[in-house]
Structure formats: C-alpha cells, structure tokens
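Please read the structure below before turning to the comments.
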Amino acid sequence: MQIYEMAQYEFRGIVWVLVSLLLVLAVLLVYVVQAPAFEASGDGLRIRGTLFGRTIPAAALRLSEARVVDLRTTPALQPAWRLFGVGLPGYRAGWFRLGNKERALVFLGRSHRALYIPTTAGYALLIAPNDPDGCLGTLRSGAA
C-alpha cells in the first residue's frame with residue numbers, strides 16, 4: 001500500500017481575508033456602540049452618532065402622547081425582542097419589539113428612565129437622553 005499526502009497548498013490568502021473581515025467587524029462594532037446624541041428642536045428630533053441615526057420631523061412626532069417612563073415599572077414599554085440592532089449589557093440600539101408588541105427604534109443605556117415618543121410612521125421612539133424631561137420639554141415648546 002502506498003500513501004500519498006496532499007500537494008503543497010497555500011492558505012495565507014484565506015488568513016488575510018479572515019483578518020480583514022475581523023478588522024471590518026471591529027470597526028463596525030465600535031461605530032454601532034457609540035453613544036448617540038439627541039438633538040431636540042422645534043424642527044423635530046435628530047439622532048446622530050450611530051448607525052441607526054436619523055432625523056424625525058416634528059410633524060411625525062406624536063408629542064401629545066409622549067411621556068417619560070420608568071422602565072422598571074412599565075413592562076409594556078420594555079424592549080422584548082430585537083429585530084435588528086445591538087443588544088449588549090447596558091446598551092441597546094436599533095429596532096426592537098416592545099412588551100406591548102409595538103415596533104420601536106430604541107436607544108437605551110443603563111438608565112431606567114426613558115422618553116417614549118410615538119410617531120405617525122408606525123413605530124415609537126424609546127430613547128434615554130441624560131435629561132428626558134428637558135428633552136421632552138424642548139420638543140413640546142418647539143411644537144407649540
């Protein structure tokens with residue numbers, strides 16, 4: 001019986017592809033996990049500094065129904081299922097289904113206080129600015 005080994009092969013190309021992919025994923029993760037900034041004005045709400053950022057015009061925000069909530073006592077508004085986004089301990093960002101089955105664009109950190117804002121576009125915003133009451137006040141004063 002004769003045993004033949006496989007001919008010489010080169011897998012350095014595969015290693016470089018894998019290393020490149022890991023670097024791209026690392027950069028993407030750093031970008032996605034950045035703390036977003038919420039810019040409230042009379043024109044609406046601008047969410048920047050994240051992959052899921054956008055500008056939502058004041059006309060699309062249902063501010064009469066918006067409120068500051070304590071997520072520890074409002075399980076219906078807690079993010080329950082992640083649809084597309086990031087869910088890390090102490091950081092959630094992206095599209096989620098809330099406990100009440102509503103679709104929401106979520107930006108939450110470790111804080112249990114959040115600002116809940118329904119929109120006319122078929123989803124809600126659940127964000128945690130450092131001053132949720134002030135953010136809601138700014139949005140409402142601009143809409144008045």
Side-chain angles (χ1 to χ4, degrees), residues 5-144:
E5 293 184 7
M6 189 172 139
Q8 196 72 356
Y9 62 95
E10 190 76 33
F11 72 97
R12 275 187 281 163
I14 294 172
V15 171
W16 283 112
V17 168
L18 291 175
V19 168
S20 299
L21 281 174
L22 287 175
L23 284 173
V24 168
L25 287 175
V27 168
L28 184 61
L29 183 63
V30 166
Y31 181 71
V32 168
V33 178
Q34 286 183 14
F38 307 106
E39 295 177 4
S41 70
D43 297 330
L45 181 66
R46 182 175 177 212
I47 304 165
R48 60 181 180 82
T50 178
L51 180 66
F52 303 100
R54 64 196 60 228
T55 299
I56 303 160
L61 300 173
R62 295 180 359 214
L63 294 174
S64 62
E65 301 171 44
R67 63 190 188 277
V68 176
V69 296
D70 184 340
L71 293 174
R72 296 176 298 185
T73 60
T74 317
L77 296 180
Q78 288 187 7
W81 301 280
R82 182 176 58 233
L83 302 174
F84 179 68
V86 178
L88 298 172
Y91 182 80
R92 288 177 281 185
W95 292 101
F96 287 76
R97 285 265 182 220
L98 303 180
N100 63 3
K101 309 275 191 287
E102 184 177 18
R103 199 172 127 220
L105 184 56
V106 173
F107 297 97
L108 295 175
R110 292 190 184 276
S111 175
H112 58 273
R113 292 188 73 227
L115 179 54
Y116 170 77
I117 309 171
T119 71
T120 59
Y123 66 91
L125 291 169
L126 188 62
I127 63 174
N130 56 3
D131 181 11
D133 296 302
C135 185
L136 181 56
T138 300
L139 288 168
R140 283 186 173 155
S141 68

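- Within the 4.5 Å cutoff, no side-chain heavy atoms of Leu126 are placed close to those of Phe96.
- Applying the side-chain contact (heavy atoms from CB on, under 4.5 Å) criterion to Ser111, with sequence neighbours excluded, gives Arg113.
- For the atom pair CD of Glu65 and CG of Leu63, the computed distance is 9.5 Å after rounding to the nearest 0.5 Å.
- The minimum heavy-atom distance between Glu102 and Tyr116, with the atom names listed, is OE1-OH, 2.8 Å.
- Annotation: the span from Thr74 atom OG1 to His112 atom NE2 amounts to 10.5 Å, rounded to 0.5 Å.
- A heavy-atom distance below 4.5 Å is found between the side chains of Tyr123 and Ile56.
- Of the inter-residue distances, the one linking Ser20 atom OG with Leu25 atom CG reads 11.0 Å to the nearest 0.5 angstrom.
- Between Leu139 and Ser41, the shortest heavy-atom distance links the atoms CD2-O, 3.9 Å.
- Nearest heavy-atom pair, Pro129 versus Leu115, reported as atom, atom and distance to 0.1 Å: CD-CB, 4.4 Å.
- When all heavy atoms of Gly85 and Phe52 are compared, the closest pair comes out as CA-CZ, 3.5 Å.
- The two atoms that bring Val106 and Pro79 nearest to each other are CG1-CG, 4.1 Å, heavy atoms only.
- Closest heavy-atom contact between Ala114 and Leu71: CB-CD1, 4.1 Å.
- Within a 6.0 Å sphere centred on CG of Asn130, heavy atoms belonging to other residues, nucleotides or ligands number 12 at most.
- At least one side-chain heavy atom of Leu77 sits under 4.5 Å from a side-chain heavy atom of Arg67.
- The shortest distance between side-chain heavy atoms of Thr55 and Asp43 does not fall below 4.5 Å.
- Using a 4.5 Å heavy-atom threshold, the side chains of Arg97 and Arg103 count as touching.
- No donor-acceptor pair under 3.5 Å is formed between the side chain of Arg82 and the backbone N or O of Arg92.
- The shortest distance between side-chain heavy atoms of Leu105 and Thr119 does not fall below 4.5 Å.
- Considering only heavy atoms from C-beta on, Leu21 comes within 4.5 Å of Val17 through its side chain.
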